[in-house]
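We name chains A, B, ... by the order of the sequence lines, and we start the count at 1 in each one. Bear in mind that the values here come from a model prediction, so they are computed numbers and not experimental data.
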There are 2 protein chains.
Amino acid sequence: MRPARSQLPPDDRPPPGLRERKKIKTREAIRAATYALIEEQGYDATTIDQIADRAEVSPSTVFRYFPAKEDIVLTDESGSLMVEELRARPAGEPWTDSVRHVMHRAVDAMTAGDPDVVRVRAHLAARVPAVRSRMIESMSRTGRLLREALAERSGPAADSLEVRVYATALVGALMEVTMAWAENGFQDDPRGMMDRALDVLEHGLPTGKP
Amino acid sequence: MRPARSQLPPDDRPPPGLRERKKIKTREAIRAATYALIEEQGYDATTIDQIADRAEVSPSTVFRYFPAKEDIVLTDESGSLMVEELRARPAGEPWTDSVRHVMHRAVDAMTAGDPDVVRVRAHLAARVPAVRSRMIESMSRTGRLLREALAERSGPAADSLEVRVYATALVGALMEVTMAWAENGFQDDPRGMMDRALDVLEHGLPTGKP
DNA sequence: TTCGAGATGAGAGTGACTCCCGAATCCACG
DNA sequence: CGTGGATTCGGGAGTCACTCTCATCTCGAA
C-alpha cells in the first residue's frame with residue numbers, strides 16, 4: 001500500500017515510464033494485501049478474491065502478476081545472484097571459502113527487509129506445506145545453478161553425482177538454517193548458524209568418539 | 001485391474017476378512033488405473049474422474065483411499081522403516097557405517113518392485129513438480145525421524161542444527177541419487193551411487209588440489 | 001437372521017487456476 | 001495534438017482437485 005523504500009539496491013535509473021511504475025505499484029499492492037490478510041486470518045482462509053478486493057484489482061490480475069497463490073509471499077531473486085556472487089570471487093580463493101561467502105550472502109538476503117515480512121514468510125515456510133514446497137522448488141533451481149559454478153571451483157564435473165549432492169546439501173543447509181532460525185524466535189545469529197552448517201558439510205558430523 | 005501378485009513380502013497371515021481384502025483390491029485397482037492412464041496420456045491430462053471410471057469406483061472413493069492425486073503414484077513406507085533399521089544396527093558399529101547401511105536399504109526400497117512402476121514413478125518425480133514436492137515432503141518427514149536415531153549414534157543432540165543439516169543432506173542425497181539414476185536411464189548401480197554420495201557427506205567434495 | 005459399523009455413491013459446494021474477449025489505457029509515431 | 005497499435009485490465013465461463021453430507025448398501029459378529 002505505502003511506497004516501498006528501496007533498502008537494498010538503490011534504484012540506479014529513473015522510472016522508465018508510467019506503465020512500468022503502475023505495474024510495480026500493483027505488484028506491491030497485491031503483496032501488501034496478501035500479507036495483511038494472512039496476518040488477520042491465516043494463509044488457508046485467505047482467498048484470491050479477498051486479496052483482489054483489498055488490492056483493488058480483479059482476480060484475473062492477481063494471476064497475471066503471480067503464477068500461484070504461494071508465489072505472492074515468496075521473493076526469490078537469490079538464485080542467479082548467488083551464482084554471480086560465486087563467480088565474482090577471486091580465483092585464488094579456496095572454494096570452500098567462496099562457498100561460505102556466498103552462503104552468507106544468501107542468509108543475508110533471506111533475513112533482509114521488513115522484519116514483519118521476514119517473520120511471516122519464515123513462519124509460512126515452516127507451517128504451510130504449499131509454501132514450503134514452492135520454496136524448496138525454488139531452492140532446487142538455485143542448487144542446479146550452483147552446480148556449474150561449483151564445478152568450476154572445485155574438482156569434479158558439473159553434472160557429476162558428487163557436485164549434485166553437494167549443491168543439494170548446500171540449499172538444504174540454507175533451508176534448515178532458515179527454519180531453525182524461525183523456530184528459535186529469530187534470536188540467534190543466522191550467519192553463525194550458517195557457519196556451523198557449512199562445517200558439517202565440509203567435515204561431516206562432529207562425533208563424540210574420535 | 002488384474003490381481004496383484006505379492007512380490008515382496010509373502011503374506012504371513014491368512015486373509016483377515018473379506019472387507020480387508022476388498023479394500024486392498026480397490027487400492028490396487030486405483031493405482032493400476034492411474035499408472036495405465038498416465039502412461040497413455042501423461043500425468044496432467046489424467047483426471048480423477050478418469051481414474052475412478054477405469055478403476056470402477058466413484059471419485060469420492062478415490063479420495064477416500066488417497067489424500068491427493070500425487071499420492072496415488074507414491075509408495076512411501078520408507079520413513080519409519082529406515083529409523084527402525086538404524087536402531088537395529090549393532091551398538092559398536094561406527095555410526096557412518098550404520099547410516100550407509102540404512103541408506104542402502106532406502107535405495108533398495110526405492111528401486112524394488114515392478115520395473116515399469118519404478119520407471120514411471122522416477123520419471124514423474126523428475127518431471128512433475130507436484131509429485132516431486134510430495135516426494136520431497138515425505139523425505140523431509142523421514143529426515144525429521146532420522147534426527148533422533150542419528151543423534152543417538154553420533155555426537156550432537158537431536159535438535160541441534162548440526163544433526164538437522166546432516167539429516168536433510170542425507171535425504172537430499174537420496175533424492176539426487178534417485179534423480180540421477182532415472183536421468184541416466186536406470187543403468188548405473190544405485191548402491192554404488194549412494195556410496196559416492198555418502199562419501200561426499202562424510203568428507204566433503206573431492207578436490208583436484210590437495 | 002438380525003443389527004450395527006463401516007464402505008460406497010451421488011451430489012452440491014469451494015477455491016485455485018486457465019482461457020477468452022471486449023474495453024480501457026499508455027506510448028510512439030506522424 | 002491525435003491517432004493507431006500494443007498492453008493491460010476486468011469479467012465471465014469453464015476445468016479440476018478436493019471437501020462435506022447423507023442416504024444406501026454390505027460385511028461381520030452375535
Side-chain angles (χ1 to χ4, degrees), chain A residues 13-31 33-35 37-38 40-74 124 128-135 137, chain B residues 1 13-35 37-38 40-74 124 128-135 137:
Chain A
R13 55 217 163 187
L18 179 56
R19 220 165 204 151
E20 289 307 309
R21 265 177 289 155
K22 270 207 164 178
K23 277 177 80 170
I24 295 178
K25 252 187 162 174
T26 307
R27 205 179 172 79
E28 293 288 330
I30 294 174
R31 247 204 263 265
T34 304
Y35 274 105
L37 284 167
I38 286 179
E40 293 172 17
Q41 317 171 337
Y43 180 84
D44 288 327
T46 300
T47 74
I48 298 288
D49 283 349
Q50 291 173 347
I51 295 172
D53 275 356
R54 188 167 300 201
E56 292 180 311
V57 295
S58 79
S60 330
T61 300
V62 174
F63 285 111
R64 259 188 212 103
Y65 280 82
F66 300 95
K69 187 181 166 187
E70 311 98 59
D71 292 315
I72 306 178
V73 299
L74 297 176
L124 291 178
V128 181
V131 176
R132 177 169 51 241
S133 290
R134 279 278 163 151
M135 182 173 267
E137 193 69 28
Chain B
M1 232 28 163
R13 52 216 164 187
L18 178 56
R19 221 167 201 147
E20 288 308 308
R21 265 176 289 156
K22 269 207 163 179
K23 278 177 80 169
I24 294 179
K25 252 185 161 177
T26 305
R27 205 178 172 79
E28 295 286 332
I30 294 174
R31 247 203 261 265
T34 305
Y35 274 106
L37 284 167
I38 286 179
E40 292 173 17
Q41 320 172 335
Y43 180 84
D44 288 327
T46 300
T47 73
I48 297 289
D49 283 350
Q50 291 174 347
I51 295 172
D53 275 356
R54 189 167 297 201
E56 293 182 307
V57 295
S58 78
S60 330
T61 300
V62 174
F63 286 110
R64 262 189 210 102
Y65 280 82
F66 300 94
K69 187 181 166 187
E70 312 97 59
D71 292 315
I72 306 179
V73 299
L74 298 176
L124 291 177
V128 181
V131 175
R132 178 170 50 241
S133 290
R134 279 280 162 146
M135 182 175 267
E137 194 68 30

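Distance check, rounded to the nearest 0.5 Å: CG of B/L74 to CE of B/M135 gives 5.0 Å. In this structure, the separation between NZ on B/K23 and CZ on B/R64 is 11.0 Å, given to the nearest 0.5 Å.
Between the CZ atom of A/R21 and the P atom of C/dC26 there is a distance of 11 Å, rounded to whole Å. The distance from atom CG of A/L37 to atom C1' of C/dA16 is 16 Å, rounded to the nearest whole Å. In this structure, the CZ atom of A/F63 is 13 Å from the C1' atom of D/dC16, given to the nearest Å. When the C1' atom of D/dC27 is taken as reference, atom NZ of B/K25 falls 15 Å away, rounded to whole Å. The CZ atom of B/R134 sits 11 Å away from the C1' atom of D/dA17 (whole-angstrom rounding). To the nearest angstrom, P of D/dT7 lies 19 Å from CZ of A/R27.
Checking side-chain atoms of B/K69 against main-chain N and O of B/Y43 turns up a donor-acceptor pair under 3.5 Å. Side-chain atoms of A/Q50 come within 3.5 Å of backbone atoms of A/T47 as a donor-acceptor pair (strictly under, hydrogens ignored). Judged by distance alone, the side chain of A/R54 and the main-chain N or O of A/L37 form no donor-acceptor pair under 3.5 Å.
The shortest distance between the side-chain N/O atoms of B/T61 and the OP1/OP2 oxygens of C/dG9 is below 4.0 Å. At C/dA7, none of the side-chain N or O atoms of B/Y65 fall inside 4.0 Å of OP1 or OP2 (strictly under the cut-off).
The residue among B/P59 and B/E20 whose nearest nucleotide of DNA chain D is located toward the 5' end is B/P59.
Here C/dC17 is the nucleotide among D/dC18, D/dC9, C/dC17 with the atom lying nearest to any side-chain atom of A/A68. Residue B/K69 places its side chain closer to D/dC18 than to any other of C/dA10, C/dC17, D/dC18. Of the candidates C/dG9, D/dC9, C/dC17, the closest approach to any side-chain atom of B/V57 belongs to C/dG9. Each of D/dC9, D/dC18, C/dC17 was ranked by its minimum atom distance to the side chain of A/E70; first place goes to C/dC17.
Contact detail for A/T34 and A/I30: the closest heavy-atom pair is OG1-O, 2.7 Å. Here the shortest heavy-atom pairing between A/R31 and A/F66 reads NH1-CE2, 4.0 Å.
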Polar atom pairs between nucleotides 21-25 of chain C and protein, under 3.5 Å, N or O only, would you list them?
from	atom 1	to	atom 2	distance (Å)
C/dT25	O2	A/R19	NH2	3.2

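Checked by distance alone, B/S60 brings a side-chain donor or acceptor within 3.5 Å of a matching partner on the base of C/dA10.
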